[in-house]
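Predicted model, so just to flag it, every value in this text is computed and none were measured. Throughout, protein chains are lettered first and strands after them, A, B, ... in sequence-line order, and every chain is numbered starting at 1.
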Amino acid sequence: MARKPAHAPGETAGQPGLNDDIGEKMRLTMYRMQVEIRQSEQRAYDLFLQNLVKGTSHLSLGQEAVATGFAAAMKPGDLSFCTYRGHAHTLARGVPIERVLGELMQRDNGLMRGKGGSMHLTSVEHGVMGSYAIVGAHLPIACGAAWRAQYKGDKDVSVCFFGDGTTNIGAFHEALNFAAVWKLPVIFVCENNLYMEYTPIGEVTSVEHPAADRAASYGLERIVLDGQDADTIYRAARAAYDKARAGGGPSLIECMTYRYSGHSRADPAKYRPDGELDAWKKRDPIKIYRDRLIQFGIAENVIAGIETDVNRRVDEATEKCKAAPPPSLDLLTSDVYADGGWAWRN
Amino acid sequence: MARKPAHAPGETAGQPGLNDDIGEKMRLTMYRMQVEIRQSEQRAYDLFLQNLVKGTSHLSLGQEAVATGFAAAMKPGDLSFCTYRGHAHTLARGVPIERVLGELMQRDNGLMRGKGGSMHLTSVEHGVMGSYAIVGAHLPIACGAAWRAQYKGDKDVSVCFFGDGTTNIGAFHEALNFAAVWKLPVIFVCENNLYMEYTPIGEVTSVEHPAADRAASYGLERIVLDGQDADTIYRAARAAYDKARAGGGPSLIECMTYRYSGHSRADPAKYRPDGELDAWKKRDPIKIYRDRLIQFGIAENVIAGIETDVNRRVDEATEKCKAAPPPSLDLLTSDVYADGGWAWRN
Amino acid sequence: MAELTYRDAVTRGIAQEMARDPDVVFFGEDVAKAGGVFKTTVGLLEQFGPLRVRDPPISELAIMGAAMGAAMTGLKPIAEIMFSDFFAVCFDYIANEFGKSRYMSNGQLKCPLVVRTGNGAGSRFGAQHSQSVENWCMMIPGLKVVAPSTPRDVIGLLAAAVRDPDPVIFFEHKSLYATKGEVPDGEIVDQLGTAKIVRPGRDATILALAFMVPRALEAAEKLKAEHGLDCEVIDVRSLVPLDTQTILGSLARTHRLFTVEENPRLCGWGAEIVSIAADEAFYDLDGPPVRITTPHLPLPATDILEDMVLPTADRIVDRVRRSLSA
Amino acid sequence: MAELTYRDAVTRGIAQEMARDPDVVFFGEDVAKAGGVFKTTVGLLEQFGPLRVRDPPISELAIMGAAMGAAMTGLKPIAEIMFSDFFAVCFDYIANEFGKSRYMSNGQLKCPLVVRTGNGAGSRFGAQHSQSVENWCMMIPGLKVVAPSTPRDVIGLLAAAVRDPDPVIFFEHKSLYATKGEVPDGEIVDQLGTAKIVRPGRDATILALAFMVPRALEAAEKLKAEHGLDCEVIDVRSLVPLDTQTILGSLARTHRLFTVEENPRLCGWGAEIVSIAADEAFYDLDGPPVRITTPHLPLPATDILEDMVLPTADRIVDRVRRSLSA
Ligand SMILES: Cc1ncc(C[n+]2csc(CCOP(=O)(O)OP(=O)(O)O)c2C)c(N)n1
Ligand SMILES: Cc1ncc(C[n+]2csc(CCOP(=O)(O)OP(=O)(O)O)c2C)c(N)n1
Ligand SMILES: [Mg+2]
Ligand SMILES: [Mg+2]
C-alpha cells in the first residue's frame with residue numbers, strides 16, 4: 001500500500017509556464033538546489049566506499065524535491081528541524097557543501113567540527129536548528145521554537161521534517177495536538193519514503209497515509225503531495241508558511257517520495273520488491289524538474305552550466321575536506337556547558 | 001465544548017422492554033452494581049472526611065454506568081486494566097467491597113495489603129490486572145495481554161479504561177496503532193468526564209471528542225456513547241467483545257460522563273462552571289436506571305431491597321476495615337522479586 | 001524578613017524571575033488557572049497573564065520538547081512536571097536532548113531552561129508518585145541539578161537556575177511544601193554549585209539533600225545531646241555542579257563521612273560522593289564512609305510502611321553512633 | 001566447541017530459548033524480516049514463524065508495554081530496543097512499571113520478560129546512539145541487569161534471563177558483536193548474579209563490564225609484563241543481582257580496587273561498588289579505590305575523539321600503576 005504517488009506525473013505541466021507564480025529565477029534556484037543535494041549525497045556515498053566517511057550516514061538520494069521545495073519557500077529566519085536524514089535539508093538552507101561533507105568525514109572543517117557527526121547537522125546561522133537522531137524528538141522541539149515566535153511576535157516559522165515511520169511514535173501525536181491547540185506557527189513535513197528503516201510502512205501502520213490520514217485527529221487539513229515534484233512542494237509550502245505567519249496555526253504535509261539507497265550506509269536495501277526502485281527512478285525529481293525547465297524553454301546550456309558548476313563545487317569541497325585536519329583534541333571537553341567547559345564539580 | 005452527552009436522555013426507553021436483549025436478570029445485576037459502586041465511593045469519601053482514608057483517592061461518583069456496562073458484558077477471564085480512578089472497575093468485577101476499602105484505609109485486609117494504595121487496585125483472580133497511575137501507561141500493557149490471547153488462542157478480551165485527558169499522551173497513540181495493526185482483542189474505553197484533572201479537556205485538545213474523533217487515525221469506527229446509561233454501554237460493550245473475540249481487532253469507545261466530586265480527594269473542583277454539576281446530576285446514571293426498572297415494571301420493593309442490601313454490605317465492609325490491623329511490617333521488603341524477597345546482591 | 005512556606009516560596013521565586021525578565025515563561029499541567037496541584041503557582045496567571053503562564057495538555061513530551069525549542073530560540077522557559085516520577089515519560093529530553101545539543105552542535109545551540117518538579121515521598125501516594133529521582137538526572141552529562149531544602153533556598157536557587165545559561169532540573173520536595181522558614185525581603189539570588197554547612201561540627205560530616213536535611217539536623221542535635229557527638233551537617237543543595245570543595249573540606253576536618261539519601265540505594269548521589277571521597281580523601285577517612293539510604297525498593301503506599309522506608313533521624317543517629325563507636 | 005561471534009551468539013541464544021519454550025516470543029523494530037539492524041536475529045523469523053518473531057512499528061512505548069502485558073499474562077517475551085539510548089523514550093516501563101507491579105500488587109502480578117538492547121560506544125554514531133546506560137537500569141528497584149562480554153556468556157546469560165521470573169534488562173555491546181569466542185555445543189544456561197574472575201591476580205582487583213572486560217584484561221597483561229604487577233580481573237557480568245561476594249572476596253586478597261566503566265562518570269555502577277567496598281571492606285583497602293570511567297560528557301562522533309573518551313588499556317595501565325606505586 002501507499003506505493004503510488006498521489007499525483008500523476010507531469011501534473012504541474014498545465015501551469016501557466018515560466019512566468020507563473022514560481023517564475024524562472026526561483027525555478028533555476030530550485031534546480032540548482034536539487035542538483036547540489038543529489039551530487040553531494042552521491043559524493044558522500046562515494047566517499048563512504050572509499051572509507052572516508054566514518055560512522056553512519058543517511059542519504060536523501062531520490063528525496064531532493066521535498067527539501068528543495070520547502071527551503072525555497074522559506075524566508076531568512078525561518079527555522080528547520082531535521083532528522084539524522086538531514087544532509088539535504090541542511091544543504092538546502094545554504095550551508096556550504098564543504099561543511100557538511102567535512103562533518104561526515106569527521107574533519108575539523110565539519111559543521112560541528114566532528115563533534116556531532118552526520119546525524120546531528122546543525123547550522124544556527126542558516127536556520128538549521130539541529131538534526132535529531134531519536135525518532136520523533138524534534139517535533140515537540142519545533143513546537144517550542146514556534147511558541148517563541150508566537151510569544152515574541154516574531155514572524156518566523158518553524159518547519160520540522162520527519163519520515164513515515166515517525167508517525168507511529170508518541171511524540172508525533174503529542175506535538176501535533178499541542179501545536180494545534182496552541183495554534184503554533186509550525187509546519188510538520190512527513191517525507192513518506194515508504195519504509196521505516198527496513199520495514200514497509202504499510203505493515204506497521206493502521207492507515208494508508210501515515211501522516212495525512214491522521215491530520216483530522218488534530219483538526220488539520222489532509223494533505224498528500226507528490227514529493228518528486230519540487231514545484232508542487234514549493235506551492236504547498238508557501239501556502240503553509242503564509243498560513244502560519246498569519247496566525248492560522250500548524251500544517252501537516254505528507255510528501256510521497258522514495259530513497260534510492262539503503263536506510264543508512266550499512267543497508268543494501270534488499271528488502272525492497274523487484275522493480276520498485278526502477279519505477280521510482282522513472283519519476284526522478286531532478287529528471288522531472290530538468291524536463292520541465294526544458295519544456296519551459298530554458299536553454300540546455302544554462303541547465304548544463306548549473307550542473308557543471310555544482311559538480312565543480314562538490315569537487316572543491318571534497319578536496320578541501322580531504323585536506324582538512326581532524327578535529328583538535330581539546331574539542332573533546334569543550335561546550336558541554338555554556339561556560340565552554342565541562343566541569344561538573346569544583 | 002463536548003459538554004453535552006451525545007445521546008438524549010431516555011433514548012433506550014423505546015426498547016422492547018424487560019425481556020429485550022438485556023433482560024430482567026442482567027438489569028437487576030447492573031442496577032446492583034451501580035448502587036454498590038455509588039455507595040462504596042460515597043463511603044470512601046465519608047471515611048476520608050473522618051481521616052480514615054490515607055494517601056490520595058480518585059472517585060467515580062457519577063461515572064458508575066460505564067464501569068457497570070462493561071463489566072456486565074465481560075466473561076470470566078476477560079481482563080480489566082484501570083487507572084488510579086479504578087475503584088469502580090474493580091468493584092464491578094466482583095472484588096469484595098471490604099478489600100477495596102481496606103486498601104484505601106491502608107489496612108492489612110486491603111487488596112494489596114496496603115502496599116499499592118488506592119491508585120493501584122489489583123485483583124488478578126477477578127481479572128483486574130492492575131490500576132496504573134502514570135497516565136497512558138496501561139494502554140500498551142493491555143495490548144500485550146491481548147497479544148498473549150491472540151497468540152495462545154485464548155478467547156479472553158482485554159479492556160483498558162482511561163480518561164479524556166489521556167488521549168493527548170503519546171502512549172495512547174502508540175497503543176492504538178499497535179493494536180490496530182496487530183488486530184488485537186483489546187477494547188479501549190475513554191471515560192470522557194470533561195476534565196483532565198482541573199483543566200477542561202476542550203482547552204487542551206484539538207478535536208471535540210478526544211478519543212472518538214481520533215478513531216479514524218487507527219482505521220477504527222467512531223463511537224461516542226451516553227456514558228450515563230448502563231444499557232447503552234452494555235450493548236456497545238457486548239458488540240466490541242464479540243468483535244474482539246471473533247478476531248476483528250480493537251475498538252475505541254468514548255463514553256460521555258461526569259465525575260461528581262473533585263479529581264482527587266484534595267480537589268474541591270471549584271474550576272467547574274456554575275450549574276454544570278447540577279445539570280449532570282439530572283442525568284444521574286443510577287436515577288436513570290432506577291426509573292427504567294420502575295418503568296419496566298420492577299417492583300419498588302425489589303429495587304429498595306437491592307439498595308438496602310448493598311447498604312448493609314458497605315456498612316459491614318466498613319466495620320471490618322475499621323477493625324482490621326495495619327499491614328504487617330515484613331511486607332515492606334516482600335515481593336520485589338519472584339523469590340518473594342528484595343535482595344539485589346549476595 | 002517574612003515567614004514563608006516552601007510552597008509560597010516557589011510562587012515567589014517564579015514571580016521574581018518573571019517580573020524581572022519578560023522572556024521567562026511558565027507552563028505545566030494545571031499550573032495556570034488552577035494554580036498547580038500542589039498550589040505552588042497560585043496567582044501567577046493573574047499576575048503575568050495567559051501568554052506567559054499556560055496550561056498544556058497531558059503531554060509531557062510536548063512540554064519538555066517545547067521548553068527546549070523555546071529555550072534554544074530565545075525564551076527562558078520554566079516547565080513544570082507535576083511529579084518527578086513522570087520524568088520517565090519524557091526522559092528522552094532529560095537524557096538525550098537538553099544536555100547534549102550544545103555539545104553536539106559544537107556550541108551553536110543553547111538550552112537555558114528550568115524544569116521544576118515535585119519530588120519525594122511522604123504523601124502515601126505509592127510507588128509511582130513518591131519517588132526521589134534526582135539521581136536519574138545527576139547521571140546525565142550536560143545537566144545541572146538542584147534540590148533546595150528551605151524556602152529561602154527555593155527562591156535563591158530557582159533564581160539562579162532561571163538565570164543560568166544551561167538546563168537545570170529543579171527538585172522541589174513534596175513533603176517540604178508545607179514547611180516554613182524565614183525569607184529576606186527583596187530579590188534573592190543564590191548560586192548553583194554551592195553546598196551549605198548548616199550545622200558545624202567536629203566528629204563527622206553528614207551530607208543530606210532536600211527532605212533529608214531537617215532529618216539530618218535533628219539527628220545531629222540528638223547525637224550531640226544524647227551521645228556527645230558533634231556532627232557537621234551539610235546541605236548538598238546542588239548535585240551538579242557538585243561542591244566537592246565544601247564536602248571534602250569538611251571531611252578533612254571531621255575524618256568521617258555519612259550520606260543521607262532518600263533515593264533508593266543503587267547508584268544514588270551518595271555513591272558518587274563516597275566514591276570521590278574514597279579516592280581523593282582516602283587518607284582523611286578514619287573509618288568507613290557510610291551511606292544511609294532508602295532501601296532499594298519500590299515505595300509502599302501505607303503510612304507505616306512508608307515511614308519505615310525513608311531514613312529517619314533515629315536511623316541516622318543509630319547508624320552514626322554505631323559507626324563512630326566501632 | 002565452536003567459534004562463534006558475539007552477534008551469532010545472540011541469535012543462537014534466542015533460538016535456544018524459543019525452541020525450548022513455545023511461550024517465548026520475540027519482537028522489535030526490524031528484527032523479523034530484516035534480521036535486525038545489527039544482524040543479530042537473522043533467520044529467527046524463518047525458524048519460528050511470523051507469530052513468534054514480529055516487526056512492530058517505531059513505537060517503543062507500545063513495544064515495552066506490550067512485552068509487559070504479555071509477560072503478566074503468560075508469555076515470556078523478549079523485546080528488542082535497537083539502541084539502548086532509546087530506553088529514554090520508553091523509560092516509564094523501565095523505571096515505573098516492570099519492576100514495581102509485583103510489589104504494588106503484593107505479589108499478584110509477575111513480569112518475566114527480557115529487554116535486549118545494543119549498548120555502548122565505538123561505532124562513531126555520536127551522542128544519541130553510543131551511550132552506555134546500564135546505570136539507568138541498575139538504579140531502578142525491581143529490575144535485574146546483565147551485560148555479557150563473551151559469546152558464551154551471551155548465550156548462557158540470555159538463557160538465564162529468559163528463564164528468570166523477573167524482568168531482566170540485557171545489554172549487548174555493539175562493539176563486541178564482531179568479536180569471537182569459543183562456545184560449547186548444546187544447551188548453555190548460566191546464572192544471573194554471578195561475577196567471574198577472568199584473570200586471577202594478587203596485587204589489585206580490577207572490575208570491568210562488557211566492552212571494558214577485554215580492555216581490562218589487556219591492561220592486566222601489560223601491567224604484568226611491563227610493571228610486574230599481577231592484577232585480578234573480574235567480569236562483573238551482572239549488575240543486579242550483584243555478586244558482592246566474589247568482588248569483596250577478591251578485594252580481601254588484593255587489597256586494592258579499580259573499576260573500569262564505560263558509562264559516564266556520575267552515579268555509575270563503579271560508584272555503587274566503590275561505596276560498598278568503602279563501607280564494608282574499608283579495612284581491607286590498602287589504598288584509595290579508583291574509578292576509571294568515561295568522563296562525564298556527551299559522546300563525540302569523531303573517531304579520534306571517541307577513542308580518547310572511553311577507558312583504554314593504556315589508561316587503565318597508567319592509572320593502576322600510578323596508584324599502586326603511590
Ligand atoms: C526512538 C527511536 N526508535 C528507533 C530508532 C531507530 N531508527 C532510526 S531511523 C528509523 C526509521 C525511521 O523511519 P522514518 O521515520 O520513515 O524515516 P526515514 O529514515 O525513512 O527517513 C529507526 C527505526 C530511533 N533512531 N529512535
Ligand atoms: C504521565 C502523567 N502525567 C500527569 C499525571 C497527573 N495526572 C493524574 S490524573 C491526571 C488527569 C487525567 O485526566 P483523564 O485522563 O481525563 O482522567 P480522569 O482523571 O478524568 O479520570 C493527571 C494529569 C500522571 N499521573 N501521569
Ligand atoms: Mg521512511
Ligand atoms: Mg477526565
Side-chain angles (χ1 to χ4, degrees), chain A residues 79 81 110-117 119-125 129-134 136-152 154 156 158 170-171 173-179 181-182 184 186 327 331 334-340 342-346, chain C residues 22-23 25 27 51-52 54 56-75 77 89-90 92-93 95-97 99-113 138 141-144 164-166 193-194 239-247 276:
Chain A
L79 303 178
F81 292 83
L111 212 37
M112 299 90 74
R113 299 184 66 191
K115 284 176 81 167
M119 299 206 283
H120 299 293
L121 299 179
T122 305
S123 183
V124 171
E125 63 170 311
M129 300 304 286
S131 301
Y132 298 80
I134 307 289
H138 62 317
L139 281 79
I141 297 173
C143 290
W147 175 29
R148 179 267 323 148
Q150 180 188 64
Y151 174 73
K152 291 207 171 213
D154 298 339
D156 62 280
S158 292
H173 179 66
E174 294 195 15
L176 265 290
N177 181 64
F178 184 83
V181 174
W182 286 27
L184 298 176
V186 56
L331 286 175
S334 73
D335 284 317
V336 176
Y337 292 114
D339 64 8
W342 67 295
W344 52 268
R345 59 177 284 187
N346 62 12
Chain C
D23 286 342
V25 291
F27 69 135
L51 286 181
R52 296 184 67 188
R54 301 190 71 167
I58 310 180
S59 303
E60 278 81 4
L61 293 171
I63 293 170
M64 294 294 246
M68 180 171 170
M72 280 167 54
T73 56
L75 296 186
V89 302
C90 49
D92 187 41
Y93 293 96
N96 289 330
E97 310 291 348
K100 292 186 168 61
S101 61
R102 181 184 292 273
Y103 186 81
M104 294 192 302
S105 68
N106 192 36
Q108 293 182 70
L109 295 172
K110 58 183 176 177
C111 191
L113 55 79
M138 185 180 186
L143 302 178
K144 293 179 177 172
D164 195 86
D166 292 308
T194 53
L239 293 174
V240 186
L242 184 66
D243 185 357
T244 49
Q245 279 176 14
T246 298
I247 292 167
I276 293 171

Which heavy atom of A/P140 sits nearest a heavy atom of C/L61, and at what distance?
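Nearest heavy atoms, A/P140 then C/L61: CB-O, 3.5 Å.
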
Heavy-atom nearest pair, C/N106 first then A/K115, reads OD1-CD, 3.3 Å

When heavy-atom pairs shorter than 4.5 Å are enumerated against chain A, which of [options] gives the highest number?
options	result
C/L51, C/V25, C/N96	C/V25
C/R52, C/M64, C/Q245, C/M68	C/Q245
C/G193, C/G142, C/C90	C/G142
C/A71, C/P56, C/A70	C/A70
C/V240, C/L109, C/I63	C/L109

Under 3.5 Å, is there a donor-acceptor pair between the side chain of [X] and the main chain of [Y]?
X	Y	answer
C/Q108	A/T122	yes
C/D166	A/A338	yes
C/D243	A/R345	no

Quick one: of [options], who has the most non-hydrogen atom pairs under 4.5 Å with chain C?
options	result
A/W342, A/Y151, A/F178	A/Y151
A/R148, A/M129, A/E125	A/R148
A/A146, A/S123, A/G114, A/S131	A/S123
A/A137, A/C143, A/A175	A/A137
A/F81, A/W344, A/Y132	A/W344
A/V181, A/V124, A/N346, A/I141	A/N346

Is A/K152 salt-bridged to C/D23, cutoff N-O under 4.0 Å?
yes

Contact origin within A/D156 toward chain C - heavy atom pairs under 4.5 Å
neither

Under 4.5 Å from any heavy atom of chain C, what part of A/L331 do you find: side chain, backbone, both or neither?
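Answer is both: backbone and side chain atoms of A/L331 are under 4.5 Å from chain C.
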
Answer yes or no: is there a side-chain heavy-atom contact under 4.5 Å between C/P241 and A/Y337?
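The answer is no; the side chains never approach within 4.5 Å.
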
Atom CH2 of A/W182 and atom CZ of C/R54: how far apart are they, to the nearest 0.5 Å?
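Interatomic distance, A/W182 CH2 to C/R54 CZ, rounded to 0.5 Å: 4.5 Å.
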
Does any heavy atom of chain A fall under 4.5 Å from the side chain of C/S101, the backbone, both, or neither of them?
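No part of C/S101 comes within 4.5 Å of chain A.
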
Proximal component of C/L143, with respect to chain A [non-hydrogen, under 4.5 Å]
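Just the backbone, heavy atoms under 4.5 Å.
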
